[in-house]
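Numbering of ligands and ligand atoms starts at 1, following listing order. One-based numbering along the sequence shown. Computed over heavy atoms, backbone and side chain alike; hydrogens, waters and symmetry mates excluded.
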Amino acid sequence: MKFKHIPAMVKESIEFLAVKPDGIYVDATLGGGGHAATVLRKSKIQNPKSKIKIVGIDQDIEAINFAKKRLKKFGDRVIFVHNNFRDLDSILNQLKIKKVDGILLDLGVSSYQLDDPSRGFSFKTDKDIKLDMRMDRRQKLSAQDVVNDYSEEKLKRIFFELGEEPYARQIARAVVNRRQEKPIKTTNNLLDIIRGATPPKYRFSRHGHYASKIFRAIRMEVNQELKSLQEVLPQAVDRLKAGGRLVIISFHSLEDRIVKHFFRQIKNEDKVEILFKKPLQPSQGEIRLNPRSESAKMRVVEKIC
Ligand SMILES: C[S@@+](CC[C@H](N)C(=O)[O-])C[C@H]1O[C@@H](n2cnc3c(N)ncnc32)[C@H](O)[C@@H]1O
C-alpha cells in the first residue's frame, strides 16, 4: 500500500519553528516525513550551505521506513529513531545531544495508518478487518484486548472521555453483552455493536460517521496517546535551547487542553513565552484540500532560559 498522508499546517509549522541553517531539530512524529522534508528543503533554499539536522522519531516502523526513502537525498542530515517520543530524554542522551533549537509534535495518526486495512484502525473500508490499532506493533495491547478484556465501567469512561460519545454507557453495555456470546475480533463486529446500541436518529443526523468517536477512543487508549503527550511535554521544554521553540499540532480537544495547561504552567514559571494565546487553526483553503486537517490546533512556546 502507498504511504499517503497530507501533513497539516505545514506552512505555519515551518514559520513558527523559525529554522536556523545550522540548527538541530526534533520531529517527534516523523510519519511520512512531510514536515521534515519541507523544513530541510526550505532551509536549503534559504541557505545552500545549511547544515541543519533533524532527529526524526516515530513509533511506527512503517512510517520510519517510508520516511527513510523519502528523505534519502538529505543524507546524514536526518537521524531516524524508531521509538516512542515519551522517551525523548533517553533518545537524545543516546545520540549525545544536550539541547535542540526546536521540536515539532504533530499528534495522532497518519492517514496511511487509518487507511491501511492491515492495521485495523478503520471501519471505512469494504473489508472486514481484524481490530488492532497499534501504532507500534511491538506492543502487546491491541484494540481486541480493549474491547474483550476491559470492564464495562472502564469502557464507558474511555468512550465518554476520549470519544466524547453521548451513547458511551449504552455502547459499553452492548460490547460486554456481545463478548459474552463470542469474542469481538473485527471492525465489522464492533460496527454492528455500535449500530445496535444507538438510535437511528443519532446515526443519521451527525456530522461524520456514527462510529468514528468510538474507534478514535479505542485507538487513543491502545496507544496511550494522552499519557505519552503528558510525559513528553516537560522533557521537550527542558531540551530546548534559549530561543528554541516547541510547536504542537493537536487534533483532539483533550490533547489541546493538556498542551494549553502545560504551557500556562511553564509560562508562570518564567520558562517560556507563549507566542499566541488562542490556538492557530488551518485556513479554509487547507481544510478544503485536506478535510482531515479540520480539527487541527497549533500552539507554540519559545524557551526563555
Ligand atoms: C499526524 S502523523 C505525523 C505526520 C508527519 N508530520 C508528516 O508530515 O508526515 C503522526 C505520526 O506520529 C506517530 N506517533 C504518534 N504518537 C507517537 C508517539 N507517542 N511516539 C512516536 N511516534 C508517535 C504516528 O505513528 C504517526 O506516524
> Are L191 and F121 joined in one hydrophobic group, where the rule is that I, L, V, M, F, W and Y side chains link up if heavy atoms are under 4.5 Å apart?
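Same hydrophobic cluster.
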> Using a 4.0 Å cut-off to any heavy atom of L30, which atoms of ligand 1 qualify?
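Listed by number with element, the hits are 5 (C), 7 (C), 9 (O).
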> Is N84 in polar range of ligand 1, meaning some N or O pair under 3.5 Å apart?
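In this structure, N84 places an N or O atom under 3.5 Å from an N or O of ligand 1.
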> Give the atoms of ligand 1, by number and element, whose distance to some non-hydrogen atom of L107 is under 4.0 Å.
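Heavy-atom distances to L107 below 4.0 Å select 1 (C).
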> Give the atom numbers and elements of ligand 1 that come within less than 4.0 Å of a heavy atom of P7.
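Per the distance check, 8 (O).
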> Decide, yes or no, whether a salt bridge links R134 with D132 under the criterion of side-chain N to carboxylate O below 4.0 Å.
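A salt bridge is present here (some side-chain N lies under 4.0 Å from a carboxylate O).
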> Could you check which of E225, R86, Q224, M135 puts a non-hydrogen atom nearest to atom 14 (N) of ligand 1?
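Looking at heavy atoms only, M135 sits closest to atom 14 (N) of ligand 1.
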> Should the pair E62-R137 be classified as a salt bridge under the 4.0 Å nitrogen-to-oxygen rule?
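So E62 pairs with R137 through a salt bridge.
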> Any carboxylate oxygen within less than 4.0 angstrom of a Lys/Arg side-chain nitrogen, looking at K213 and E164?
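No, no charged N to carboxylate O under 4.0 Å.
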> Please say whether A63 places an N or O atom under 3.5 Å from an N or O atom belonging to ligand 1.
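A63 vs ligand 1: no N/O contact under 3.5 Å.
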> Regarding atom 13 (C) of ligand 1: of the candidates D136, V39, D58, I6, which has the closest heavy atom?
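Closest candidate by heavy-atom distance is D58.
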> So among L190, L155, N223, L162, which one has a side-chain contact (heavy atoms from CB on, under 4.5 Å) with I218?
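Only one option passes, and that is L190.
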> Could you give me the CA-CA distance, side-chain angles and deciding distance for F276 and F16, then say whether ring-ring contact (aromatic ring centres under 6.0 Å, His included) is met?
CA-CA 11 Å; F276 35 86; F16 288 108; 5.1 Å; yes
> Only heavy atoms of D60, strictly under 4.0 Å: list the atoms of ligand 1 that pass.
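Once the distances to D60 are compared, the set is 25 (O).
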> What atoms of ligand 1 come closer than 4.0 angstrom to any heavy atom of D106?
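Here the atoms of ligand 1 in question are 1 (C), 2 (S), 3 (C), 4 (C), 5 (C), 6 (N), 10 (C).
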> Quick test of your reading of the structure: of V232, I91, T29, V10, whose heavy atom lies closest to atom 12 (O) of ligand 1?
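Shortest heavy-atom distance from atom 12 (O) of ligand 1: T29.
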> Give a yes or no on whether a salt bridge exists between K42 and E15, defined as a side-chain N under 4.0 angstrom from a carboxylate O.
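No, no charged N to carboxylate O under 4.0 Å.
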> May I ask which of Q59, R134, R70 has a heavy atom nearer to atom 23 (C) of ligand 1 than the others do?
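The nearest heavy atom belongs to Q59.
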> Would you call D192 and R178 a salt bridge, using N to O less than 4.0 angstrom?
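Salt bridge between D192 and R178, a charged N being under 4.0 Å from a carboxylate O: yes.
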> Could you list which atoms of ligand 1 come closer than 4.0 Å to a heavy atom of S228?
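Numbered from 1, ligand 1 contributes 19 (N).
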> Got a salt bridge between R119 and D116, using NZ or NE/NH1/NH2 to carboxylate O under 4.0 Å?
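No, no charged N to carboxylate O under 4.0 Å.
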> Just to be sure I read this right, does ligand 1 sit under 4.0 Å from the backbone of N223, its side chain, both, or neither, counting only heavy atoms?
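None of N223 does.
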> What atoms in ligand 1 come closer than 4.0 Å to a heavy atom of N83?
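Selected atoms, number and element: 20 (N), 21 (C).
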